[in-house]
**Student:** 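Just dropping this structure here.
In this chain, numbering begins with 1 at the start of the sequence shown. The model shown is predicted, which means the values in this text are computed figures rather than measured ones.
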Amino acid sequence: MINNDDFNDEIGNNHIATNEETPLRGDAFEKSDEEKIELIKKDVENILNTLGLDLTDDSLKGTPNRVAKMFVKDIFGGLNPEKKPSSSTFDNKYKYNEMLVEKNITVYSTCEHHLLPIIGRAHVAYISNGTVVGLSKMNRIVDYYAKRPQVQERLTIQIVRELQRVLNTNDVACIIDAKHLCVNSRGIKDIESSTVTAEFGGKFKDENVRKEFLHYVQLETSF
C-alpha cells in the first residue's frame, strides 16, 4: 500500500501539476484580507517558535506580521479576483496583422509544492484578428497569474487562456524560462538548470509561425 505522504511528496518533488486551474476552495474569499493576515501571523509565529527562534528579539518580533502581509497582499495577491487587471482592448485601426511579441517579461512566482520562489522571464505573443491590447496589460496579466502558488505549466496556460479571452482570438503563445529555487537550493541543488514551458494556440501551432516566434525571443529550444 502506498503511503499518502510518500505519494504527495512524489507529486511535489517531481513538480507535477494536477489541475489547469488554481485549486481554490469555494470559501476562499469569505474572510477579509485583514482576517487572513491575523490567522497567518499566528501560524508563522508557531513555525518560528517550533524552530526555536526567540520572537522577543527586535529583528524577529515583527516577522510573523510581515510574512502574513506579504502572503496576502503581495506574493499571493493574484489569488484575489478583485486584483485581476482590467484589459482594455482597441480596434486594430492601423491594420497590423503580423505577430506582436512582448518578450523578457519578468516572472516572480512561488512553487506551490515547496513555497519557494520561481524567477524567470515570460515571452508572450499574439496575432490580432481585429483587436489589440495595451502592451503593459500583457505584463500585468503575467504578474497577476504569477502572484499565487503556481506550477510553471499551469502559469503558462493561464496566461495564454486569459489573453485569448481578452483578444477574442486563439492566436496567442507564451514561453516561460525560469529557475525554481526548490531545485536550485534544495534537493538536487542544481543552480544552473532552468525550466522552459510553452503553450501555443491557433496559428502558433503551425511550425513556421512557432519558429518565427522563437526567432524573435532568441530561443533555440525546439517545440
**Student:** Once ring-ring contact (aromatic ring centres under 6.0 Å, His included) is applied, do any residues pair with Tyr144, and if so which ones, sequence neighbours excluded?
**Tutor:** none

**Student:** Are Ile141 and Phe90 linked, directly or through intermediate hydrophobic residues, by side-chain heavy-atom contacts shorter than 4.5 Å (ILVMFWY only)?
**Tutor:** yes

**Student:** Name all residues meeting the salt bridge (charged side-chain N to carboxylate O under 4.0 Å, His left out) criterion together with Asp206; count only those two or more places apart in sequence or in a different chain, and write none if there are none.
**Tutor:**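 Per chain and number, Asp206 pairs via salt bridge (charged side-chain N to carboxylate O under 4.0 Å, His left out) with no residue.
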
**Student:** Apply the hydrophobic cluster definition, ILVMFWY joined by side-chain contacts under 4.5 Å directly or through others, and give me every member besides Ile157.
**Tutor:** none

**Student:** Could you list all the side-chain hydrogen bond (donor to acceptor under 3.5 Å, both in side chains) pairs where at least one residue sits in residues 129-139, not counting sequence neighbours?
**Tutor:**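 Non-adjacent pairs meeting side-chain hydrogen bond (donor to acceptor under 3.5 Å, both in side chains): zero.
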
**Student:** Between the side chain of Lys205 and the main-chain N/O of Phe200, is any donor-acceptor distance below 3.5 Å?
**Tutor:**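 Checked: pair present.
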
**Student:** Of the non-hydrogen atoms in Leu155 and Val142, which two are nearest, and what is the gap between them?
**Tutor:**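 Looking at all heavy atoms of both residues, the closest pair is CD1-O, 4.4 Å.
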
**Student:** Taking NZ in Lys83 as the centre, count heavy atoms belonging to other residues, nucleotides or ligands within less than 6.0 Å. Is the count above 12?
**Tutor:** yes

**Student:** So, taking the atom named CD1 in Ile37 and the one named CZ in Arg66, what distance separates them when rounded to the nearest 0.5 Å?
**Tutor:**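 Those atoms lie 14.0 Å apart.
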
**Student:** Could you walk me through whether Thr89 and Val166 pass the side chain to side chain contact (heavy atoms under 4.5 Å, CB included) check?
**Tutor:** CA-CA 7 Å; Thr89 56; Val166 167; 3.5 Å; yes

**Student:** Work out which heavy atom in Cys111 is nearest to a heavy atom in Cys182; give both atom names and the distance.
**Tutor:**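 Closest heavy-atom pair between Cys111 and Cys182: SG-SG, 3.7 Å.
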
**Student:** Between Thr197 and Gln152, do the side chains contain a donor N or O and an acceptor N or O under 3.5 Å apart?
**Tutor:** yes

**Student:** Applying salt bridge (charged side-chain N to carboxylate O under 4.0 Å, His left out), can you list everything that pairs with Lys103, at least two apart in sequence or on another chain?
**Tutor:**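 Counting only residues at least two positions away or on another chain, Lys103 forms no salt bridge (charged side-chain N to carboxylate O under 4.0 Å, His left out).
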
**Student:** Are there over 12 heavy-atom neighbours, none belonging to Phe76, within less than 6.0 Å of that residue's CZ?
**Tutor:** yes

**Student:** Counting neighbours of CD on Glu82 that are heavy atoms of other residues, nucleotides or ligands and sit closer than 6.0 Å, is the number greater than 12?
**Tutor:**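 No, because the 6.0 Å sphere around CD of Glu82 holds 12 heavy atoms or fewer from other groups.
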
**Student:** Identify, with sequence neighbours excluded, every residue that meets ring-ring contact (aromatic ring centres under 6.0 Å, His included) alongside Tyr126.
**Tutor:**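 With sequence neighbours excluded, Tyr126 shows a ring-ring contact (aromatic ring centres under 6.0 Å, His included) to no residue whatsoever.
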
**Student:** Within this structure, what is the CD1-CG distance for the pair Ile40 and Asn65, rounded to the nearest 0.5 Å?
**Tutor:** 11.0 Å

**Student:** Other members of the hydrophobic cluster containing Ile118, with the 4.5 Å side-chain heavy-atom rule, please.
**Tutor:**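 ILVMFWY cluster around Ile118 holds nothing else.
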
**Student:** Is it true that Leu115 and Leu39 fall in one hydrophobic cluster, defined by side-chain heavy atoms closer than 4.5 Å?
**Tutor:**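 No, no single cluster joins them.
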
**Student:** With Asp58, which residues qualify under side chain to side chain donor-acceptor pair (under 3.5 Å), at least two apart?
**Tutor:** Lys61

**Student:** Residues two or more places apart in sequence or in another chain: which of them pass side chain to side chain donor-acceptor pair (under 3.5 Å) with Ser185?
**Tutor:** none

**Student:** Checking Arg121 against Thr106: is there a side-chain donor and acceptor pair closer than 3.5 Å?
**Tutor:** yes

**Student:** Identify the residue among Glu112, Glu199, Glu20 that makes a side-chain hydrogen bond (donor to acceptor under 3.5 Å, both in side chains) with Arg154.
**Tutor:** Glu112

**Student:** Do the side chains of Lys147 and Asp74 get close enough for a salt bridge, i.e. N-O under 4.0 angstrom?
**Tutor:**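 Yes, charged N to carboxylate O under 4.0 Å.
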
**Student:** Going by side chain to side chain donor-acceptor pair (under 3.5 Å), name the residues that satisfy it together with Tyr145, two or more places apart in sequence or in a different chain.
**Tutor:**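 Result, side chain to side chain donor-acceptor pair (under 3.5 Å) vs Tyr145: Glu162.
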
**Student:** Restricting to salt bridge (charged side-chain N to carboxylate O under 4.0 Å, His left out), what partner residues turn up for Asp177, sequence neighbours left out?
**Tutor:**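 Asp177 satisfies salt bridge (charged side-chain N to carboxylate O under 4.0 Å, His left out) with no residue once adjacent residues are dropped.
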
**Student:** Do Val67 and Leu79 belong to the same hydrophobic cluster, where Ile, Leu, Val, Met, Phe, Trp and Tyr are linked whenever their side-chain heavy atoms lie under 4.5 Å apart, directly or via other members?
**Tutor:** yes

**Student:** Do the side chains of Val124 and Cys174 get nearer than 4.5 Å, heavy atoms only?
**Tutor:**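 Counting from C-beta outward, Cys174 and Val124 do come under 4.5 Å.
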
**Student:** Could you work out, with side chain to side chain donor-acceptor pair (under 3.5 Å) as the rule, every residue matching Lys211, not counting sequence neighbours?
**Tutor:**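 Result, side chain to side chain donor-acceptor pair (under 3.5 Å) vs Lys211: Glu207.
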
**Student:** Are there over 12 heavy-atom neighbours, none belonging to Lys69, within less than 6.0 Å of that residue's NZ?
**Tutor:** no

**Student:** Is any side-chain heavy atom of Leu135 closer than 4.5 Å to a side-chain heavy atom of Leu100?
**Tutor:** yes

**Student:** Between Thr169 and Ile127, is any pair of side-chain heavy atoms under 4.5 Å apart?
**Tutor:**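 Answer no - side chains too far apart.
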
